[in-house]
Amino acid sequence: MNYLGIDDEAFIRKNVPMTKQEIRILSLAKARIKPDAVVYDIGAGTGSLSVEAARLAPQGTVYALERNPEGVALIRANAANFMVSNVVVKEAEAPAGIDTLPDVDTVLIGGSGSRLEEILDAVTPKLKPEGRIVLNCITVQTLMQGIDYMRQHADVYEYEAIQVQVSRLKSIGSYDMAKAENPIYIVTCWKK
């Protein structure tokens with residue numbers, strides 16, 4: 001059964017950053033991935049978004065780009081663990097490698113290695129009309145780079161941005177206390 005929001009504990013993780021369940025759910029809802037979509041997951045980390053995107057696009061292909069060799073191995077392991085055969089892993093530091101990929105319906109950007117503008121420049125000509133980019137930002141600087149790019153390219157893109165704060169209740173003795181996760185900004189962009 002394919003459902004959205006696989007438990008975080010189900011992924012093989014090690015020391016590589018992972019997009020948490022609630023952020024994955026929101027990001028994938030914003031992405032509107034179709035069953036036959038071509039998806040890029042840039043800065044794919046452990047591949048948690050790649051795996052969930054692949055399950056949403058069983059007739060499509062997800063290209064997971066990751067520069068960290070440990071992350072590349074984890075993406076492959078997680079794709080195998082969840083039996084998704086439509087994830088193609090590329091060990092590359094984006095924007096390298098984007099020019100060799102097919103045109104894309106949806107782009108997920110979880111890590112940009114301080115090269116967000118270059119990545120967006122490489123993705124823009126590959127993105128199909130009405131295609132979507134979902135950018136997950138941990139820092140305000142990345143958020144502003146993404147928004148600035150969309151404003152400078154207002155003839156090509158429209159965008160919206162939200163900030164998400166997730167807290168989980170944790171039992172401490174007879175009390176339940178909220179333990180906050182890092183806030184995340186999700187910028188959703190669509191090509192006119």
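Side-chain atoms are counted along with the backbone in the values below, which use heavy atoms only and exclude waters and symmetry mates. Residue numbers run from 1 in the order of the sequence given.
A distance of 5.0 Å separates CZ in Phe11 from CD in Glu52, rounded to the nearest 0.5 Å. Note: Leu135 CG to Thr188 OG1 = 9.0 Å, rounded to the nearest 0.5 Å. The line from CD1 of Ile33 to OG1 of Thr106 is 5.0 Å long, rounded to the nearest 0.5 Å. Here the CD1-CG distance, from Ile186 to Leu26, works out to 5.0 Å after rounding to the nearest 0.5 Å. Expressed to the nearest 0.5 Å, how far CD1 of Ile98 lies from CG of Leu120 amounts to 9.0 Å. Between the CG atom of Asn78 and the CD1 atom of Ile12 there is a distance of 4.5 Å, given to the nearest 0.5 Å.
Annotation for Lys128: atom NZ counts as buried by contact number, over 12 foreign heavy atoms lying within 6.0 Å. Enclosure of atom CZ in Arg32 is not indicated, since only 12 or fewer non-hydrogen atoms of other residues, nucleotides or ligands lie within 6.0 angstrom. The neighbour count for Glu117 CD, taken as heavy atoms of other residues, nucleotides or ligands under 6.0 Å away, does not exceed 12. In this structure, Asn15 places its CG atom where only 12 or fewer heavy-atom neighbours from other residues, nucleotides or ligands lie under 6.0 Å away. Within a 6.0 Å radius of CG in Leu4, other residues, nucleotides and ligands contribute more than 12 heavy atoms.
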**Asked** Can Lys30 and Ile162 be said to form a side chain to side chain contact (heavy atoms under 4.5 Å, CB included), step by step?
**Response** CA-CA 11 Å; Lys30 296 287 187 183; Ile162 63 171; 4.2 Å; yes
**Prompt:** Does the pair Ile75 and Asp41 meet the rule for a side chain to side chain contact (heavy atoms under 4.5 Å, CB included), with working shown?
**Reply:** CA-CA 11 Å; Ile75 297 164; Asp41 183 7; over 6 Å; no
**Message:** Applying side chain to side chain contact (heavy atoms under 4.5 Å, CB included) to Thr142 and Leu116, what does each step give before you reach the verdict?
**Reply:** CA-CA 8 Å; Thr142 304; Leu116 182 58; 4.1 Å; yes
**Intermediate values then yes/no, side chain to side chain contact (heavy atoms under 4.5 Å, CB included), Lys191 and Glu130** = CA-CA 5 Å; Lys191 200 172 191 181; Glu130 299 181 22; over 6 Å; no
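Counting all heavy atoms, side chain and backbone alike, Ala53 lies closest to Leu108 at CB-CD1, 4.3 Å. Across every non-hydrogen atom of Ile119 and Pro95, the tightest pair is CG1-N, 3.9 Å. Residues Ala57 and Lys34 approach most closely at CB-O, 3.4 Å, considering heavy atoms. Of all heavy-atom pairs between Gly45 and Val16, the closest is C-CG1, 3.5 Å. Shortest non-hydrogen contact noted between Val87 and Ala79 is CB-CB, 4.2 Å. The two residues Gln163 and Pro183 have their closest heavy-atom pair at NE2-CB, 2.8 Å.
In this structure a side-chain-to-backbone donor-acceptor pair under 3.5 Å is present from Arg24 to Ile6. Listed for the Gln165 side chain is no donor-acceptor partner under 3.5 Å among the backbone atoms of Ala180. With hydrogens and angles ignored, the 3.5 Å screen pairs a side-chain donor or acceptor of Glu66 with a backbone N or O of Ala44. Thr124 places no side-chain N or O within donor-acceptor distance of the main-chain N or O of Asp121, the cut-off being under 3.5 Å. Between the side chain of Lys90 and the main chain of Gly97, no donor-acceptor pair closer than 3.5 Å is present. At distances below 3.5 Å, not a single donor-acceptor pair connects side-chain atoms of Asp36 with backbone N or O atoms of Gln59. Between the Asp105 side chain and the Val38 main chain, a donor and an acceptor come within less than 3.5 Å of each other. Counting only distance, with no hydrogens or angles, the side chain of Arg55 and the backbone of Tyr3 share a donor-acceptor pair below 3.5 Å. Of the possible polar contacts, one joining the Lys126 side chain to the Leu101 backbone as a donor-acceptor pair under 3.5 Å is found. In this structure, Lys192 contributes its side chain and Ala154 its backbone to a donor-acceptor pair below 3.5 Å.
Cluster membership check: Ile109 does not share its hydrophobic cluster with Trp190, using side-chain heavy-atom separations under 4.5 Å among Ile, Leu, Val, Met, Phe, Trp and Tyr. Note on Leu127: it clusters hydrophobically with Ile147, by side-chain heavy-atom contacts below 4.5 Å among ILVMFWY residues. Residue Tyr40 is grouped with residue Met150 when hydrophobic side chains (ILVMFWY) are merged at heavy-atom distances under 4.5 angstrom, including chains of intermediate members. Linking ILVMFWY side-chain heavy atoms closer than 4.5 Å, directly or via other members, places Val187 and Ile23 in two distinct hydrophobic clusters. Following chains of ILVMFWY side-chain contacts shorter than 4.5 Å, one cannot reach Met144 starting from Ile184, and the two form parts of different hydrophobic clusters.
Relative orientation of the Tyr149 and Tyr157 rings is tilted, given thresholds of 30° and 60° on the angle between their planes.
Neither side chain, Thr61 nor Asn86, offers a donor N or O lying under 3.5 Å from an acceptor on the other.
Side chains of Glu158 and Cys189 form no contact here, defined as non-hydrogen atoms less than 4.5 Å apart. Looking at Lys14 and Leu74, their side chains come closer than 4.5 Å, going by heavy atoms from C-beta outward. Looking at heavy atoms from C-beta onward, Glu181 lies in side-chain contact with Lys20 at the 4.5 angstrom threshold. Put simply, the side chain of Leu143 does not reach to within 4.5 Å of the side chain of Ile138, judged on heavy atoms. In this structure, the side chains of Thr19 and Asn136 come closer than 4.5 Å at one or more pairs of heavy atoms.
Contact check on Arg13 versus Glu70 returns no salt bridge, with no Lys/Arg side-chain nitrogen under 4.0 Å from an Asp/Glu carboxylate oxygen. Checked for salt-bridge contact, Arg168 and Asp8 meet the test: a charged N lies under 4.0 Å from a carboxylate O.
In this structure, Arg151 forms no cation-pi arrangement with Tyr159, as its terminal cationic atom is not both closer than 6.0 Å to the ring centre and no more than 45° off the ring axis.
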